[in-house]
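For reference, the structure discussed in these notes is given below.
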Amino acid sequence: MTPPVPTGPARWGLAGRLLAGIGLVMVAGAITAWAVATQVGPAVFHEHMVRAGLDDHDEAVLHAEEAFRSAGTMALGFALAAAGLASLAVSLVLTRRIGHSLASLSAAAARLGTGRYDSRVPSPTMGREFDDLAEAFNQMAARLQDGERLRARLLGDVAHEVRTPVATITAYLEAVEDGVQDLDAATVTLLRDQATRLTRLSDDLAAVTRAESGDLALDRRPVAPGDLVTAALAAARERAADRGVRLAADVADGLPDVDVDRLRLAQVLDNLVANALRHTPPEGTVTLRASLATDGHVALSVHDTGEGIAPEHLPHLFERFYRADTARDRARGGSGIGLAICQALVHAHDGTLGVTSPGPGGGSTFTVTLPRA
Ligand SMILES: Nc1ncnc2c1ncn2[C@@H]1O[C@H](COP(=O)(O)OP(=O)(O)OP(=O)(O)O)[C@@H](O)[C@H]1O
Ligand SMILES: [Mg+2]
């Protein structure tokens, strides 16, 4: 609902308001000065004349009093005129400068409203308050621009991810319809795999959106870090054995409990371990560690002796759809959302998720830090 458009004085411009304000001050000043000049001043003057020993009705006294009155009136008149002119000038200058700054701000806001997220306002050089306003506006515009950029990229990525399986399914169905391809067990498996890939993509997108929007219901309770490590190892045992990768655990003694949703944290560790297994060749080792972080938080890390990650990829790994080795990672079934989901889940627990790697061939370590219970 749009608010009602104000009418009457509420519609007055800045110049009108400023002049009205200054006019009020001048009227109050003039009334006070006039009252003092006509009522108090002459009486005081008269009393001093009498005290000085002059006669009340003396011609000189009457003249002097008359002169005092007209001098007072003249001084008052000039002062009022000068004050009036000065306030007019001041309000005009101020109105022009403030009006100019506000006009550029509202023009920028209007541009922003039409989707031009690159619009910014220059510093108005009108003092701290105006600079703060301009800076707040520019920050808001920059955030909107980032959001817009992310949205555009996300849509492109989703379209890209959906295209391949849908194209495969369509091609196979057409081939079956044309009698070129039999609907044998292998074809059904292939079609089902593609459908599963689409289902997983939509599940992952829903998960990351829910986690990032912050309306994820977390059932947080104190949990021993060692229990989380044991559960993650148990869940990965079969897959590690299949790949010929060794699993190890290293839990420090006397760790405090962490305040987490056990199932969500298991999801994070499962994702990290799945990545580690996928990027570690047979004979390699994946180690889960629980230790005390320097800031009193508890650190859970997943370390592998696998491929490692080149430094230029490290800052981007937690972005949605980012894959370091696009072709190979996609072939291995990854859509690049896993780490974005992990990060959103860890942030929902007021924790952090980071990665270190000495580079290709050097293995990598993903570390979750969590506040203690
Ligand atoms: N342990 C690791 N060693 C080397 N590279 C890794 C490791 N973990 C993640 N990566 C790199 O980070 C990228 C992003 O990981 P992420 O889990 O977000 O996506 P994914 O595993 O490719 O797909 P998804 O998890 O959505 O199935 C991976 O594609 C891979 O290139
Ligand atoms: Mg993954």
Side-chain angles (χ1 to χ4, degrees), residues 150 153-154 156-165 193-212 229 232-233 235-236 239-240 243-249 264-289 299-348 352-368:
L150 208 70
R153 218 194 62 206
L154 188 66
D157 288 340
V158 171
H160 186 265
E161 286 304 313
V162 169
R163 204 173 299 132
T164 318
D193 282 352
Q194 298 302 317
T196 308
R197 194 166 152 190
L198 284 174
T199 312
R200 224 195 74 170
L201 179 69
S202 84
D203 287 350
D204 282 356
L205 277 176
V208 75
T209 308
R210 209 176 318 121
E212 285 179 357
V229 168
L233 282 179
R239 272 170 295 148
R243 279 193 59 85
V245 173
R246 210 172 71 86
L247 283 179
R264 298 290 181 194
L265 237 286
Q267 192 183 345
V268 172
L269 292 180
D270 286 350
N271 253 311
L272 295 178
V273 174
N275 279 351
L277 289 176
R278 190 185 285 169
H279 296 277
T280 305
E283 309 291 302
T285 307
V286 171
T287 311
L288 271 82
R289 247 181 224 123
L300 298 175
S301 67
V302 178
H303 170 76
D304 66 64
T305 57
E307 295 160 15
I309 303 162
E312 67 265 25
H313 295 303
L314 291 178
H316 304 289
L317 284 193
F318 302 103
E319 293 170 9
R320 281 173 277 187
F321 294 109
Y322 192 88
R323 279 168 293 218
D325 183 349
T326 312
R328 216 144 45 107
D329 286 326
R330 186 171 304 145
R332 284 188 284 201
S335 54
I337 311 183
L339 287 176
I341 298 178
C342 289
Q343 188 176 52
L345 287 174
V346 171
H347 283 174
T352 61
L353 174 59
V355 57
T356 53
S357 173
S364 19
T365 307
F366 287 79
T367 304
V368 179

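As the structure is a prediction and not an experimental result, all values here were calculated from the model. Order of listing sets the numbers, starting from 1, for every ligand and every atom in it.
Listed by first and then second residue, the salt bridge (charged side-chain N to carboxylate O under 4.0 Å, His left out) pairs that reach into residues 309-319 are R153-E319, sequence neighbours excluded.
Of the candidates L233, D304, V302, V273 forms a side chain to side chain contact (heavy atoms under 4.5 Å, CB included) with just one, namely V302. Checked options L317, V268, T356, L269; the residue passing with F366 is L317 (criterion: side chain to side chain contact (heavy atoms under 4.5 Å, CB included)).
Using a 4.0 Å cut-off between heavy atoms, D304 contacts ligand 1 through its side chain alone, with no backbone atom that close. Counting heavy atoms closer than 4.0 Å to ligand 1, residue Q343 contributes nothing at all. Residue-level proximity to ligand 1 for Y322 is carried by the backbone, the only part with a heavy atom below 4.0 angstrom. If you look at L339 next to ligand 1, the close heavy atoms, those under 4.0 Å, come from the backbone and the side chain alike. Contacts of S364 with ligand 1, taken as heavy-atom pairs under 4.0 Å, involve the side chain alone.
Distances below 4.0 Å separate heavy atoms of A324 from the following atoms of ligand 1: 29 (O), 31 (O). Those atoms of ligand 1 that come under 4.0 Å of a heavy atom in A276, given as number and element, are 1 (N). Against a heavy-atom cut-off of under 4.0 Å, S335 is close to the following atoms of ligand 1: 23 (O), 24 (P), 26 (O), 27 (O).
Across the listed options G336, P360, G338, G336 owns the non-hydrogen atom lying nearest to atom 23 (O) of ligand 1. Within the set I309, L317, L314, the minimum heavy-atom distance to atom 5 (N) of ligand 1 is found for I309.
Side-chain atoms of T287 do not come within 3.5 Å of backbone N or O of A249 as any donor-acceptor pair. With hydrogens and angles ignored, the 3.5 Å screen pairs a side-chain donor or acceptor of T305 with a backbone N or O of T285. Although no hydrogens or angles enter the test, the distance criterion places no donor-acceptor pair under 3.5 Å between the side chain of R197 and the main chain of P165. In this structure, the side chain of S202 engages the main chain of T199 through a donor-acceptor pair within 3.5 Å.
In plain terms, the two heavy atoms of R278 and R243 that are nearest each other are O-NH2, 4.0 Å. Nearest heavy-atom pair, A340 versus R320, reported as atom, atom and distance to 0.1 Å: CB-CG, 3.5 Å. Scanning all heavy atoms of the two residues, the minimum distance from G363 to S357 falls at O-OG, 2.8 Å. Of all non-hydrogen atoms in C342 and L353, the two that sit nearest each other are CB-CD2, 3.7 Å.
At under 3.5 Å, a nitrogen or oxygen of R200, whether backbone or side chain, sits near a nitrogen or oxygen of ligand 1. Ligand 1 has no nitrogen or oxygen under 3.5 angstrom from a nitrogen or oxygen of E307. Considering backbone and side-chain atoms alike, A340 places every N or O at 3.5 Å or more from each N or O of ligand 1. The N/O atoms of G308, backbone and side chain alike, include none that comes under 3.5 Å of an N/O atom in ligand 1. Checked against a 3.5 angstrom limit, the closest N/O atoms of D204 and ligand 1 fall outside it.
Using a 4.0 angstrom heavy-atom cutoff, R278 counts as in contact with ligand 1. Heavy atoms of F366 approach ligand 1 to within less than 4.0 angstrom. Ligand 1 lies out of reach of G306, whose nearest heavy atom is not under 4.0 Å from it.
Salt-bridge formation is detected for the pair R200/D204: a Lys NZ or Arg NE/NH1/NH2 atom is positioned less than 4.0 Å from an Asp or Glu carboxylate oxygen.
Rounded to the nearest 0.5 angstrom, R210 CZ and L345 CG are separated by 9.5 Å. We find the CG-CD distance between N271 and Q343 to be 12.5 Å, quoted to the nearest 0.5 Å.
For the Mg ion (ligand 2), the nearby protein N/O/S atoms, meaning those under 2.8 Å, are N275 OD1.
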| request: Kindly determine whether V355 and F318 satisfy side-chain contact (heavy atoms from CB on, under 4.5 Å), including the steps that lead there. | output: CA-CA 9 Å; V355 57; F318 302 103; 3.9 Å; yes
